[in-house]
Every structure is written in C-alpha cells, then in structure tokens.
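These notes are about the structure you will find just below.
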Amino acid sequence: MTPSTPSHSLPRLRQALGEETRTALIDAATRVFIDEGFRAARVQTIAECAGTRLSAINYHFGGKEGLYRAVLQHHAELAIRHTPLPSPGADNPREALAEAIRMIVRRFLDPATKSSIGQLMLRELMNPTAALQAMIARFSLPQSQLFRPLVKAVLGAKASDEMIDRAMISIFSQCMGYVTARPLIEQISPSSLAGEDMVERVTAHIATFSWGGLMALRASLEETT
C-alpha cells in the first residue's frame with residue numbers, strides 16, 4: 001500500500017482492477033473464439049492478447065469453459081439490451097414484424113450494438129459445445145417466444161403451430177444468412193453489405209419478402225376453409 005492510498009480505498013481499487021482485467025479477458029477471448037473456435041483457442045493466447053497472467057482466467061472464470069460461457073452470455077445480453085424485440089402490434093402487425101426483423105438484423109450486422117453474438121453462435125452451431133444448450137435455454141427460446149406472437153398475428157388464428165414455427169425459421173434464416181454467407185455475399189454482391197444504410201436496406205428487403213410469404217400462407221389457409 002502506498003502512502004497516498006487510503007486503506008478504505010483499497011477494496012474499491014481492487015474491484016476496479018478486477019473488472020478491468022475481466023473486461024480485457026472477455027474482449028480478447030471474443031476475438032480468439034471467433035477466429036479459432038472454442039476447441040482450437042488457447043488460453044495462453046487469450047491471456048497474452050488481454051495483457052494479463054494466465055492465472056487470471058482461472059481466477060475470474062474458473063477456466064477456459066467458464067470464460068467461453070461468459071463471452072457468449074456477455075454478447076447475447078449486449079445484443080438483447082441494445083436491440084429488444086417489440087411487443088405484438090395488434091393495430092399494425094406488419095409494422096411490428098418489420099421492427100422485430102430490424103432488431104434481429106442489427107444484432108447480426110450493426111457494429112453499433114458492439115455485440116458479436118452472430119459470429120460466436122455461428123461458430124458454436126458449426127461445432128457445438130456444452131454451452132449450446134445453456135444458450136438456447138437462456139436466450140434463444142425466450143427470444144423466439146417473444147417473436148412468435150408477431151408471426152402468429154400475421155398468419156391469423158387458423159395457422160398451425162408447425163406453420164408458425166416454419167415461418168419463424170424462414171425469417172431467422174434470412175437474417176442469419178447474412179452472417180453465415182457474408183464472405184460469399186461480399187464477392188457476388190458487394191453493394192448488399194456496403195453503405196451506412198446497409199442495415200435498413202437489409203431489413204426492408206427481409207421484411208418485405210417475409211410479409212409477402214406470410215400473406216401467401218394466410219391466403220392458402222383461407223382458401224381451404
């Protein structure tokens with residue numbers, strides 16, 4: 001303890017330093033996990049990138065698995081906090097659906113959200129770990145349950161659960177496709193992912209395309225009754 005550091009300030013100082021180290025590890029681990037995946041990632045590399053000792057990973061997260069779970073949770077919470085899904089809009093279901101699609105697209109493509117959940121989950125889905133089920137239970141299922149009423153409101157009361165599920169999968173797939181196929185899209189259609197209004201253009205396309213598909217499904221239900 002230095003003479004200029006009051007003893008009652010030490011706990012706050014240690015806490016601040018601890019949070020700084022934890023944040024540095026999550027930031028460094030995010031980059032390494034995206035680049036290399038969980039299994040190939042080396043904790044030594046993460047510690048070096050974070051500018052910390054290797055023991056800090058065990059101290060703050062209990063090891064590599066705990067750090068990985070913390071990274072996934074951090075980015076999922078960041079995405080949800082910055083891009084919350086809207087409540088079902090009975091008066092204007094098309095507008096509510098479009099806003100929900102905008103939030104999902106922003107989670108995957110908008111750097112302003114500061115979340116890398118799209119890239120992290122892409123890695124996780126390609127090579128699942130024990131963290132996947134926890135992520136599905138804590139984030140994916142609750143988010144899908146918020147999205148479901150928006151789709152149901154468009155399809156109408158006659159839509160079966162399976163039709164609603166398939167419609168949701170189709171919409172999510174369009175949004176996620178810009179992450180999974182980004183290297184290909186940037187080659188065959190560079191303008192699609194360029195420009196400051198890119199998120200709005202992608203949103204408008206997916207929303208319009210999805211609305212047309214949902215209306216066709218609804219019309220087919222009405223024709224058969």
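Contact of the D110 side chain with the V105 side chain is not registered, since no non-hydrogen atoms from C-beta on lie closer than 4.5 Å. No side-chain heavy atom of H82 sits under 4.5 Å from any side-chain heavy atom of S115. Side-chain contact check for V151 versus I171: some heavy-atom pair is nearer than 4.5 Å. Under the 4.5 Å side-chain criterion, counting only non-hydrogen atoms from C-beta, T203 is not in contact with I104. Contact of the L132 side chain with the L125 side chain is registered, since non-hydrogen atoms from C-beta on lie closer than 4.5 Å. Q174 places a side-chain heavy atom less than 4.5 Å from the side chain of S210. Counting heavy atoms from C-beta outward, M215 and V154 have side chains that approach closer than 4.5 Å. No side-chain heavy atom of S192 sits less than 4.5 Å from a side-chain heavy atom of V202.
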- Item | Check against side chain to side chain contact (heavy atoms under 4.5 Å, CB included), I34 and L120 | CA-CA 6 Å; I34 288 174; L120 287 163; 3.7 Å; yes
Problem set entry | S173 and M176: CA distance, side-chain angles, deciding distance, side chain to side chain contact (heavy atoms under 4.5 Å, CB included) verdict | CA-CA 5 Å; S173 296; M176 193 65 180; 5.8 Å; no
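Expressed to the nearest 0.5 Å, how far CG of L214 lies from CZ of R94 amounts to 10.5 Å. Here NE2 of H75 is found 11.5 Å from NZ of K114. Values are rounded to the nearest 0.5 Å. The distance from the OG1 atom of T113 to the CD1 atom of I80 is 12.0 Å, given to the nearest 0.5 Å. Distance check: F172 CZ to S140 OG gives 9.0 Å after rounding to the nearest 0.5 Å. Residue T52 holds its OG1 atom at 8.0 Å from CG of L54, rounded to the nearest 0.5 Å. How far CG of L122 is from OG of S116: 12.0 Å, rounded to the nearest 0.5 Å.
Checked by atom type and distance alone, the side chain of N92 pairs as donor or acceptor with a backbone atom of E95 at under 3.5 Å. Distance alone, capped at 3.5 Å, places no donor-acceptor pair between the R106 side chain and the A79 backbone. Judged by distance alone, with hydrogens and angles left aside, the side-chain atoms of T208 form a donor-acceptor pair with the main-chain N or O of A204 at under 3.5 Å.
What you find for P93 and A153 is that their closest heavy atoms are CB-CB, 4.3 Å. Minimum interatomic distance between S144 and M168 (heavy atoms only, all atoms of both residues): O-CE, 3.3 Å. Residues F147 and A100 come closest through the heavy atom pair CE1-CB, 3.6 Å. The two residues A96 and L150 come nearest to each other via the heavy atoms CB-CD2, 3.9 Å. Contact between I101 and A207 at its shortest, heavy atoms only, is CD1-CA, 3.7 Å. Considering all non-hydrogen atoms of both residues, R138 and P142 come closest at O-CG, 3.4 Å.
Dense packing is recorded around CZ of R39, with more than 12 heavy atoms of other residues, nucleotides or ligands lying under 6.0 Å away. Atom NZ of K64 is surrounded by more than 12 heavy atoms from other residues, nucleotides or ligands within 6.0 Å. Atom CD of Q187 sits in a sparse spot, with 12 or fewer heavy atoms from other residues, nucleotides or ligands closer than 6.0 Å.
Note on F108: it does not cluster hydrophobically with F33, by side-chain heavy-atom contacts below 4.5 Å among ILVMFWY residues. Hydrophobic clustering (ILVMFWY, side-chain heavy atoms < 4.5 Å, transitive): L221 and W211 are in one cluster. Each of Y59 and F61 belongs to its own hydrophobic cluster when Ile, Leu, Val, Met, Phe, Trp and Tyr are linked at side-chain heavy-atom distances under 4.5 angstrom. In the hydrophobic clustering of this structure, L146 does not group with M121; members are Ile, Leu, Val, Met, Phe, Trp, Tyr whose side-chain heavy atoms approach within less than 4.5 Å, directly or through other members. Under a hydrophobic-cluster definition in which Ile, Leu, Val, Met, Phe, Trp and Tyr are linked whenever side-chain heavy atoms come within less than 4.5 Å, directly or via other members, L67 and V43 are assigned to the same cluster.
Ion pairing of R123 with E36 is absent here, as no side-chain N (NZ or NE/NH1/NH2) approaches a carboxylate O to less than 4.0 Å. Using a cutoff of 4.0 Å between basic side-chain nitrogens and carboxylate oxygens, R69 and E65 are not scored as salt-bridged. A salt bridge is defined here as a Lys NZ or Arg NE, NH1 or NH2 lying under 4.0 Å from an Asp or Glu carboxylate O, and R22 with E19 fails to meet this definition. With salt bridges taken as basic N to acidic carboxylate O contacts below 4.0 Å, one links R148 and D161. A salt bridge is defined here as a Lys NZ or Arg NE, NH1 or NH2 lying under 4.0 Å from an Asp or Glu carboxylate O, and R42 with E48 fails to meet this definition.
Side-chain contact annotation: H60 with T21, donor-acceptor N/O pair under 3.5 Å absent. One side chain, Y68 or E124, offers a donor N or O that lies under 3.5 Å from an acceptor on the other. Side-chain contact, R107 with T83: a donor N or O sits under 3.5 Å from an acceptor N or O.
The side-chain contact (heavy atoms from CB on, under 4.5 Å) test with V71 is passed by exactly one of I26, I46, V32: I26.
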